[in-house]
Amino acid sequence: MAKWGEGDPRWIVEERPDATNVNNWHWTEKNADQWSKNKIKELFTNLVIEDPKSGNVIIEEVEKIEGEARVNNRKGKLIFFYEWEIALKWTGHANGKEKEVKGKVEIPNLSEEHDNMKDVDVDVSLTTKGPEADILKEMLRVGVGAARIRECLTDYLSALKNEYSSGVILPKKGTENGAVISDKNVNTANNTKSNLASAEKKLQSVNITSSAGVKIEVDDLRMEESMKCTGQELFNALTQKDMIQIFTGGPAKMADTAESGVTFEYLGGGISGKFLEVSPFTKIVQEWRLKSWPAGHHSTVEMTLKQTKEDTKLILVQKGVPVKEMESTRQGWHRYYFEAMKRSFGFGAMLF
(Lines give C-alpha, C1' and ligand atoms only; values in the text may rest on other atoms or scores of the structure.)
Protein backbone atom coordinates (compact mmCIF):
# COMPACT_ATOMS: atom_id res chain seq x y z
CA MET A 1 0.00 0.00 0.00
CA ALA A 2 1.06 3.54 0.75
CA LYS A 3 4.64 4.54 1.32
CA TRP A 4 5.34 7.53 3.48
CA GLY A 5 7.08 9.99 1.27
CA GLU A 6 9.46 9.92 -1.62
CA GLY A 7 11.87 12.53 -0.46
CA ASP A 8 9.71 15.45 0.58
CA PRO A 9 7.69 16.42 3.68
CA ARG A 10 3.92 16.18 3.67
CA TRP A 11 3.01 18.85 6.13
CA ILE A 12 2.17 22.54 6.00
CA VAL A 13 4.91 24.70 4.58
CA GLU A 14 3.16 28.02 4.93
CA GLU A 15 1.02 29.66 7.59
CA ARG A 16 -2.73 29.90 7.09
CA PRO A 17 -5.23 31.31 9.65
CA ASP A 18 -7.58 28.32 9.50
CA ALA A 19 -4.73 25.76 9.69
CA THR A 20 -5.96 24.06 6.52
CA ASN A 21 -3.71 22.14 4.15
CA VAL A 22 -2.22 25.00 2.12
CA ASN A 23 -0.08 24.11 -0.89
CA ASN A 24 -1.14 20.47 -0.33
CA TRP A 25 1.94 19.44 1.64
CA HIS A 26 -0.06 17.55 4.25
CA TRP A 27 -0.98 13.93 3.73
CA THR A 28 -4.76 14.16 3.47
CA GLU A 29 -6.90 11.10 3.01
CA LYS A 30 -10.48 10.18 2.22
CA ASN A 31 -11.98 6.78 2.93
CA ALA A 32 -13.91 5.54 -0.12
CA ASP A 33 -14.79 2.06 1.13
CA GLN A 34 -18.56 2.32 1.50
CA TRP A 35 -18.98 4.56 -1.51
CA SER A 36 -17.03 2.05 -3.60
CA LYS A 37 -19.13 -0.88 -2.42
CA ASN A 38 -22.32 0.96 -3.30
CA LYS A 39 -20.97 2.01 -6.68
CA ILE A 40 -19.81 -1.49 -7.61
CA LYS A 41 -23.23 -2.89 -6.68
CA GLU A 42 -24.91 -0.19 -8.74
CA LEU A 43 -22.79 -0.96 -11.79
CA PHE A 44 -23.17 -4.74 -11.73
CA THR A 45 -26.56 -5.55 -10.20
CA ASN A 46 -29.05 -6.46 -12.98
CA LEU A 47 -26.38 -5.83 -15.62
CA VAL A 48 -27.41 -7.49 -18.89
CA ILE A 49 -24.68 -8.81 -21.20
CA GLU A 50 -25.75 -9.87 -24.67
CA ASP A 51 -23.71 -11.55 -27.36
CA PRO A 52 -25.51 -12.31 -30.67
CA LYS A 53 -23.19 -15.24 -31.23
CA SER A 54 -23.52 -16.84 -27.80
CA GLY A 55 -26.52 -15.74 -25.78
CA ASN A 56 -27.33 -13.44 -22.88
CA VAL A 57 -26.41 -13.21 -19.22
CA ILE A 58 -27.71 -11.12 -16.36
CA ILE A 59 -25.72 -10.36 -13.20
CA GLU A 60 -28.26 -11.05 -10.49
CA GLU A 61 -26.24 -10.26 -7.43
CA VAL A 62 -22.94 -8.88 -6.20
CA GLU A 63 -22.20 -11.72 -3.81
CA LYS A 64 -18.97 -10.37 -2.31
CA ILE A 65 -17.04 -7.10 -2.18
CA GLU A 66 -14.02 -7.19 0.10
CA GLY A 67 -11.21 -4.68 0.21
CA GLU A 68 -10.61 -0.98 0.58
CA ALA A 69 -10.22 2.28 -1.32
CA ARG A 70 -8.38 5.42 -0.23
CA VAL A 71 -7.75 8.75 -1.92
CA ASN A 72 -4.62 10.63 -0.83
CA ASN A 73 -3.11 14.00 -1.54
CA ARG A 74 0.63 13.50 -1.63
CA LYS A 75 2.78 16.56 -2.35
CA GLY A 76 -0.11 18.19 -4.18
CA LYS A 77 -0.88 15.13 -6.30
CA LEU A 78 -3.87 12.82 -6.06
CA ILE A 79 -3.05 9.16 -5.53
CA PHE A 80 -5.73 6.48 -5.50
CA PHE A 81 -5.15 3.28 -3.54
CA TYR A 82 -7.68 0.49 -3.93
CA GLU A 83 -7.75 -3.25 -3.68
CA TRP A 84 -10.96 -5.23 -4.17
CA GLU A 85 -12.03 -8.85 -4.39
CA ILE A 86 -15.40 -9.14 -6.11
CA ALA A 87 -17.76 -12.06 -6.74
CA LEU A 88 -20.84 -11.86 -9.01
CA LYS A 89 -23.69 -14.38 -9.38
CA TRP A 90 -25.18 -14.70 -12.84
CA THR A 91 -27.78 -16.56 -14.83
CA GLY A 92 -28.18 -16.80 -18.61
CA HIS A 93 -29.37 -18.63 -21.69
CA ALA A 94 -27.41 -19.74 -24.72
CA ASN A 95 -28.90 -18.89 -28.09
CA GLY A 96 -31.73 -21.24 -29.05
CA LYS A 97 -31.62 -23.06 -25.68
CA GLU A 98 -34.27 -23.03 -22.98
CA LYS A 99 -32.05 -24.39 -20.24
CA GLU A 100 -31.09 -21.79 -17.68
CA VAL A 101 -27.40 -21.62 -16.87
CA LYS A 102 -26.05 -20.37 -13.55
CA GLY A 103 -22.56 -19.49 -12.46
CA LYS A 104 -20.23 -17.04 -10.79
CA VAL A 105 -17.74 -14.41 -11.93
CA GLU A 106 -14.84 -13.71 -9.61
CA ILE A 107 -12.43 -10.79 -9.82
CA PRO A 108 -9.72 -11.80 -7.34
CA ASN A 109 -7.71 -8.60 -7.42
CA LEU A 110 -8.71 -5.19 -8.70
CA SER A 111 -6.03 -2.76 -7.58
CA GLU A 112 -3.95 0.26 -8.56
CA GLU A 113 -1.19 -2.14 -9.57
CA HIS A 114 -2.98 -2.79 -12.86
CA ASP A 115 -1.94 -0.22 -15.46
CA ASN A 116 -4.28 -1.79 -17.98
CA MET A 117 -7.73 -3.12 -17.14
CA LYS A 118 -7.06 -6.01 -19.50
CA ASP A 119 -4.58 -7.27 -16.92
CA VAL A 120 -7.33 -7.74 -14.33
CA ASP A 121 -8.23 -11.42 -14.03
CA VAL A 122 -11.86 -12.38 -14.64
CA ASP A 123 -12.50 -15.94 -13.48
CA VAL A 124 -15.73 -17.71 -14.40
CA SER A 125 -17.16 -20.82 -12.75
CA LEU A 126 -20.30 -22.82 -13.48
CA THR A 127 -23.06 -24.11 -11.25
CA THR A 128 -24.87 -25.59 -14.24
CA LYS A 129 -23.09 -28.12 -16.43
CA GLY A 130 -23.46 -28.82 -20.14
CA PRO A 131 -22.57 -27.44 -23.58
CA GLU A 132 -24.83 -24.40 -23.10
CA ALA A 133 -22.98 -23.54 -19.91
CA ASP A 134 -19.59 -23.86 -21.58
CA ILE A 135 -20.62 -21.41 -24.32
CA LEU A 136 -21.64 -18.74 -21.81
CA LYS A 137 -18.59 -19.37 -19.67
CA GLU A 138 -16.25 -18.62 -22.56
CA MET A 139 -18.26 -15.54 -23.49
CA LEU A 140 -17.82 -14.19 -19.96
CA ARG A 141 -14.22 -15.28 -19.62
CA VAL A 142 -12.67 -13.98 -22.83
CA GLY A 143 -15.45 -12.64 -25.06
CA VAL A 144 -18.03 -9.88 -25.00
CA GLY A 145 -18.84 -10.59 -21.36
CA ALA A 146 -15.27 -10.10 -20.18
CA ALA A 147 -15.04 -6.82 -22.08
CA ARG A 148 -18.30 -5.60 -20.54
CA ILE A 149 -17.19 -6.51 -17.03
CA ARG A 150 -13.90 -4.67 -17.46
CA GLU A 151 -15.82 -1.72 -18.86
CA CYS A 152 -17.82 -1.57 -15.62
CA LEU A 153 -14.60 -1.71 -13.60
CA THR A 154 -13.26 1.18 -15.65
CA ASP A 155 -16.48 3.10 -14.96
CA TYR A 156 -15.99 2.51 -11.24
CA LEU A 157 -12.47 3.95 -11.32
CA SER A 158 -13.60 6.98 -13.32
CA ALA A 159 -16.43 7.61 -10.88
CA LEU A 160 -14.09 7.17 -7.92
CA LYS A 161 -11.74 9.83 -9.28
CA ASN A 162 -14.56 12.23 -10.09
CA GLU A 163 -16.26 11.76 -6.74
CA TYR A 164 -13.22 12.02 -4.50
CA SER A 165 -10.96 14.48 -6.29
CA SER A 166 -12.91 17.48 -5.03
CA GLY A 167 -11.55 18.81 -1.75
CA VAL A 168 -8.48 16.57 -1.53
CA ILE A 169 -6.32 18.90 -3.59
CA LEU A 170 -6.93 22.27 -1.98
CA PRO A 171 -6.31 25.67 -3.59
CA LYS A 172 -3.06 27.44 -2.91
CA LYS A 173 -2.91 30.55 -0.79
CA GLY A 174 -4.85 33.38 -2.40
CA THR A 175 -7.14 31.06 -4.36
CA GLU A 176 -9.49 29.97 -1.59
CA ASN A 177 -12.46 30.76 -3.83
CA GLY A 178 -11.45 28.05 -6.30
CA ALA A 179 -14.00 25.50 -7.38
CA VAL A 180 -12.38 22.64 -5.50
CA ILE A 181 -13.40 24.02 -2.11
CA SER A 182 -16.66 22.37 -1.06
CA ASP A 183 -19.02 23.17 1.82
CA LYS A 184 -17.72 20.09 3.56
CA ASN A 185 -14.16 21.40 3.32
CA VAL A 186 -15.19 24.78 4.69
CA ASN A 187 -16.99 23.20 7.62
CA THR A 188 -13.99 21.01 8.36
CA ALA A 189 -11.69 24.01 8.30
CA ASN A 190 -14.00 25.97 10.59
CA ASN A 191 -14.15 23.07 13.03
CA THR A 192 -10.36 22.78 12.96
CA LYS A 193 -10.03 26.50 13.63
CA SER A 194 -12.47 26.29 16.54
CA ASN A 195 -10.69 23.30 18.07
CA LEU A 196 -7.29 24.93 17.75
CA ALA A 197 -8.54 28.17 19.28
CA SER A 198 -9.81 26.23 22.28
CA ALA A 199 -6.58 24.31 22.65
CA GLU A 200 -4.35 27.34 22.28
CA LYS A 201 -5.79 28.92 25.41
CA LYS A 202 -4.22 26.14 27.43
CA LEU A 203 -0.78 26.27 25.78
CA GLN A 204 2.30 28.37 26.36
CA SER A 205 3.90 30.37 23.58
CA VAL A 206 7.35 29.19 22.57
CA ASN A 207 9.66 31.71 20.94
CA ILE A 208 11.69 30.05 18.22
CA THR A 209 14.84 31.87 17.17
CA SER A 210 15.09 31.43 13.44
CA SER A 211 15.92 33.33 10.31
CA ALA A 212 12.23 34.20 10.06
CA GLY A 213 11.83 35.05 13.74
CA VAL A 214 8.92 32.64 14.04
CA LYS A 215 6.77 32.32 17.18
CA ILE A 216 4.72 29.14 17.38
CA GLU A 217 2.42 27.35 19.79
CA VAL A 218 3.50 23.83 20.74
CA ASP A 219 2.08 20.91 22.68
CA ASP A 220 3.02 17.35 23.56
CA LEU A 221 1.87 14.32 21.58
CA ARG A 222 1.28 10.99 23.33
CA MET A 223 0.55 7.72 21.55
CA GLU A 224 0.56 4.02 22.33
CA GLU A 225 0.66 1.11 19.89
CA SER A 226 0.73 -2.68 20.28
CA MET A 227 3.05 -4.69 18.05
CA LYS A 228 2.96 -8.47 17.67
CA CYS A 229 6.70 -8.91 18.01
CA THR A 230 9.41 -9.02 20.63
CA GLY A 231 10.93 -5.90 22.10
CA GLN A 232 14.17 -6.68 20.31
CA GLU A 233 12.49 -6.95 16.92
CA LEU A 234 10.69 -3.63 17.36
CA PHE A 235 13.86 -1.96 18.64
CA ASN A 236 15.79 -3.18 15.60
CA ALA A 237 13.11 -1.89 13.23
CA LEU A 238 13.46 1.58 14.74
CA THR A 239 17.27 1.68 14.90
CA GLN A 240 18.66 -0.40 12.02
CA LYS A 241 19.21 1.51 8.78
CA ASP A 242 18.21 -1.35 6.48
CA MET A 243 14.94 -1.96 8.35
CA ILE A 244 14.06 1.74 8.48
CA GLN A 245 14.51 1.94 4.70
CA ILE A 246 12.15 -0.99 4.24
CA PHE A 247 9.17 0.38 6.16
CA THR A 248 9.62 4.02 5.07
CA GLY A 249 10.07 2.95 1.47
CA GLY A 250 13.04 5.22 0.81
CA PRO A 251 16.72 5.80 1.58
CA ALA A 252 17.85 6.72 5.08
CA LYS A 253 20.98 8.77 5.74
CA MET A 254 22.44 7.44 8.98
CA ALA A 255 24.92 4.95 10.35
CA ASP A 256 24.04 1.28 9.91
CA THR A 257 23.06 1.10 13.58
CA ALA A 258 21.74 3.89 15.78
CA GLU A 259 23.61 5.01 18.86
CA SER A 260 23.75 8.17 20.94
CA GLY A 261 24.88 11.10 18.80
CA VAL A 262 24.06 9.52 15.43
CA THR A 263 22.21 11.89 13.11
CA PHE A 264 19.57 10.73 10.63
CA GLU A 265 17.64 11.91 7.61
CA TYR A 266 14.65 10.07 6.17
CA LEU A 267 12.66 10.77 3.02
CA GLY A 268 15.23 12.98 1.38
CA GLY A 269 15.57 15.19 4.44
CA GLY A 270 11.84 15.50 5.01
CA ILE A 271 12.49 14.11 8.50
CA SER A 272 15.76 14.69 10.31
CA GLY A 273 17.22 14.60 13.76
CA LYS A 274 19.63 12.89 16.10
CA PHE A 275 19.55 9.90 18.41
CA LEU A 276 20.03 11.22 21.96
CA GLU A 277 19.65 7.97 23.88
CA VAL A 278 19.58 4.37 22.72
CA SER A 279 18.88 1.78 25.43
CA PRO A 280 18.80 -1.68 23.81
CA PHE A 281 15.29 -3.10 23.43
CA THR A 282 13.66 -0.69 25.92
CA LYS A 283 14.06 3.00 25.09
CA ILE A 284 14.91 5.39 22.22
CA VAL A 285 15.14 9.18 22.53
CA GLN A 286 15.50 11.38 19.45
CA GLU A 287 15.79 15.00 18.50
CA TRP A 288 13.24 15.08 15.66
CA ARG A 289 11.90 17.62 13.19
CA LEU A 290 10.08 17.98 9.91
CA LYS A 291 11.64 19.99 7.12
CA SER A 292 8.52 22.18 6.98
CA TRP A 293 8.86 23.28 10.61
CA PRO A 294 10.38 26.69 11.44
CA ALA A 295 14.16 26.67 11.10
CA GLY A 296 15.91 25.65 14.29
CA HIS A 297 12.88 24.06 15.93
CA HIS A 298 13.14 20.43 17.04
CA SER A 299 10.84 18.23 19.05
CA THR A 300 11.99 15.51 21.43
CA VAL A 301 10.67 12.01 20.79
CA GLU A 302 10.86 9.38 23.51
CA MET A 303 9.84 5.83 22.61
CA THR A 304 9.52 3.30 25.42
CA LEU A 305 9.21 -0.41 24.55
CA LYS A 306 7.50 -2.77 26.98
CA GLN A 307 7.34 -6.43 26.04
CA THR A 308 4.53 -8.59 27.41
CA LYS A 309 3.58 -12.21 26.89
CA GLU A 310 1.25 -11.25 24.04
CA ASP A 311 2.99 -8.32 22.34
CA THR A 312 5.24 -5.30 22.76
CA LYS A 313 3.80 -1.93 23.72
CA LEU A 314 5.34 1.14 22.10
CA ILE A 315 4.67 4.26 24.17
CA LEU A 316 5.56 7.44 22.30
CA VAL A 317 5.83 10.90 23.85
CA GLN A 318 6.76 13.74 21.52
CA LYS A 319 7.38 17.12 23.15
CA GLY A 320 7.36 20.40 21.27
CA VAL A 321 5.07 19.63 18.32
CA PRO A 322 3.63 22.73 16.60
CA VAL A 323 -0.07 22.85 17.41
CA LYS A 324 -1.06 23.46 13.80
CA GLU A 325 0.65 20.24 12.81
CA MET A 326 -0.40 18.13 15.78
CA GLU A 327 -3.08 16.02 14.09
CA SER A 328 -1.12 15.46 10.89
CA THR A 329 1.90 14.42 12.97
CA ARG A 330 -0.26 11.95 14.89
CA GLN A 331 -1.64 10.50 11.67
CA GLY A 332 1.86 10.28 10.21
CA TRP A 333 3.19 8.23 13.13
CA HIS A 334 0.20 5.92 13.03
CA ARG A 335 -0.05 5.29 9.31
CA TYR A 336 3.50 5.60 8.09
CA TYR A 337 5.42 4.26 11.05
CA PHE A 338 3.21 1.90 13.06
CA GLU A 339 1.03 0.54 10.26
CA ALA A 340 3.95 0.50 7.81
CA MET A 341 6.01 -1.65 10.20
CA LYS A 342 3.07 -4.01 10.67
CA ARG A 343 2.72 -4.42 6.91
CA SER A 344 6.44 -4.66 6.20
CA PHE A 345 7.51 -6.97 9.04
CA GLY A 346 4.29 -8.74 10.04
CA PHE A 347 4.10 -6.95 13.40
CA GLY A 348 0.32 -6.95 13.08
CA ALA A 349 0.13 -10.76 13.05
CA MET A 350 0.13 -12.94 16.15
CA LEU A 351 3.62 -14.39 16.59
CA PHE A 352 3.41 -15.81 20.12
Side-chain angles (χ1 to χ4, degrees), residues 1-2 29-72 78-165 342-343 346 348-350:
M1 296 291 292
E29 177 179 278
K30 287 189 176 183
N31 184 317
D33 290 357
Q34 192 56 53
W35 180 91
S36 293
K37 292 178 180 179
N38 293 339
K39 189 63 179 179
I40 290 170
K41 288 181 179 179
E42 174 188 332
L43 288 168
F44 284 106
T45 303
N46 296 322
L47 174 68
V48 176
I49 302 173
E50 295 181 315
D51 180 4
K53 297 180 179 180
S54 304
N56 64 82
V57 163
I58 181 169
I59 306 297
E60 293 187 326
E61 178 186 354
V62 179
E63 185 179 58
K64 179 173 71 173
I65 311 176
E66 294 181 356
E68 61 179 354
R70 299 289 188 274
V71 184
N72 286 283
L78 281 178
I79 299 181
F80 295 84
F81 299 103
Y82 53 91
E83 187 171 4
W84 294 105
E85 181 180 359
I86 304 168
L88 314 170
K89 294 178 66 175
W90 60 270
T91 61
H93 293 84
N95 285 341
K97 307 293 182 181
E98 295 183 358
K99 183 178 180 180
E100 185 179 70
V101 177
K102 295 186 177 182
K104 183 185 295 186
V105 172
E106 293 180 283
I107 302 162
N109 181 31
L110 171 67
S111 73
E112 74 276 2
E113 297 177 356
H114 298 107
D115 295 328
N116 191 322
M117 198 59 69
K118 292 181 179 180
D119 296 330
V120 176
D121 290 333
V122 176
D123 300 329
V124 183
S125 59
L126 296 170
T127 303
T128 307
K129 304 298 180 182
E132 304 94 341
D134 293 334
I135 291 172
L136 296 181
K137 177 180 179 180
E138 287 304 295
M139 184 266 283
L140 289 172
R141 191 178 68 85
V142 296
V144 171
R148 186 70 182 94
I149 289 169
R150 291 191 174 97
E151 181 181 333
C152 288
L153 296 177
T154 301
D155 291 342
Y156 156 69
L157 295 183
S158 297
L160 175 67
K161 293 177 181 179
N162 290 334
E163 180 72 16
Y164 280 85
S165 293
K342 289 179 180 180
R343 290 194 304 270
M350 181 64 70

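Scope of the values below: all heavy atoms of this structure, side chains included, with no hydrogens, waters or symmetry mates. Nothing here was measured: the structure is a model prediction, and the numbers come from that model.
Here the shortest heavy-atom pairing between H93 and E98 reads CD2-O, 3.4 Å. Scanning both residues, C152 and L43, for their nearest heavy atoms gives O-CD1, 3.4 Å. Here the closest non-hydrogen pair linking L153 and I86 is CD2-CD1, 4.2 Å. Taking both residues in full, the closest heavy atoms of T128 and K102 are given as OG1-N, 3.0 Å, listed atom of the first, atom of the second, then distance. Looking at every heavy atom in both residues, E50 comes nearest to V144 through O-CG1, 3.8 Å. Between P52 and N95 the shortest heavy-atom distance is O-ND2, 2.7 Å.
Side-chain contact between L88 and T45: absent, with no pair of heavy atoms (C-beta onward) separated by less than 4.5 Å. In this structure, I58 and W90 have side chains that are not in contact, with every pair of non-hydrogen atoms separated by 4.5 Å or more. Contact of the Y82 side chain with the V71 side chain is not registered, since no non-hydrogen atoms from C-beta on lie closer than 4.5 Å. Side chains of K41 and I65 form a contact here, defined as non-hydrogen atoms less than 4.5 Å apart. Contact annotation: the side chain of V120 never approaches that of N109 to less than 4.5 Å [non-hydrogen atoms, C-beta and beyond].
Looking only at distances, no side-chain donor or acceptor of R70 sits under 3.5 Å from a matching main-chain atom of A32. Side-chain atoms of S54 never come within 3.5 Å of backbone atoms of L136 as a donor-acceptor pair (strictly under, hydrogens ignored).
Remark: E163 CD to K30 NZ distance equals 8.0 Å, nearest 0.5 Å. How far CG of N46 is from CD of E61: 10.5 Å, rounded to the nearest 0.5 Å. Taking CG from L126 and CG from L140, the interatomic distance works out to 9.0 Å, rounded to the nearest 0.5 Å. For the atom pair CG (N116) and CZ (R150), the distance works out to 9.0 Å, reported to the nearest 0.5 Å. Between the CD1 atom of I135 and the NZ atom of K53 there is a distance of 13.5 Å, given to the nearest 0.5 Å.
Counting non-hydrogen atoms of other residues, nucleotides and ligands closer than 6.0 Å to CD of Q34 gives a total above 12.
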Let's go through K37 and W84 carefully: what are the C-alpha distance in whole Å and the side-chain angles of both, what is the deciding distance for side-chain contact (heavy atoms from CB on, under 4.5 Å) to 0.1 Å, and is it a yes or a no? CA-CA 9 Å; K37 292 178 180 179; W84 294 105; 3.9 Å; yes
Begin with the C-alpha distance, continue with both residues' side-chain angles, and end with the deciding distance and a verdict on side-chain contact (heavy atoms from CB on, under 4.5 Å) for F80 and E112. CA-CA 7 Å; F80 295 84; E112 74 276 2; 6.0 Å; no
Evaluation steps, side-chain contact (heavy atoms from CB on, under 4.5 Å), between M139 and V57: CA-CA 9 Å; M139 184 266 283; V57 163; 3.9 Å; yes
side-chain contact (heavy atoms from CB on, under 4.5 Å) between M117 and L110, intermediate numbers included: CA-CA 9 Å; M117 198 59 69; L110 171 67; 3.9 Å; yes
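The stretch residues 120-148 participates, sequence neighbours left out, in these salt bridge (Lys or Arg N to Asp or Glu O under 4.0 Å) pairs: E138-R141, R148-E151.
Between the side chains of E42 and N38, no donor-acceptor pair of N or O atoms lies under 3.5 Å. Under 3.5 Å, the side chains of Y156 and S36 contain a donor-acceptor pair of N or O atoms.
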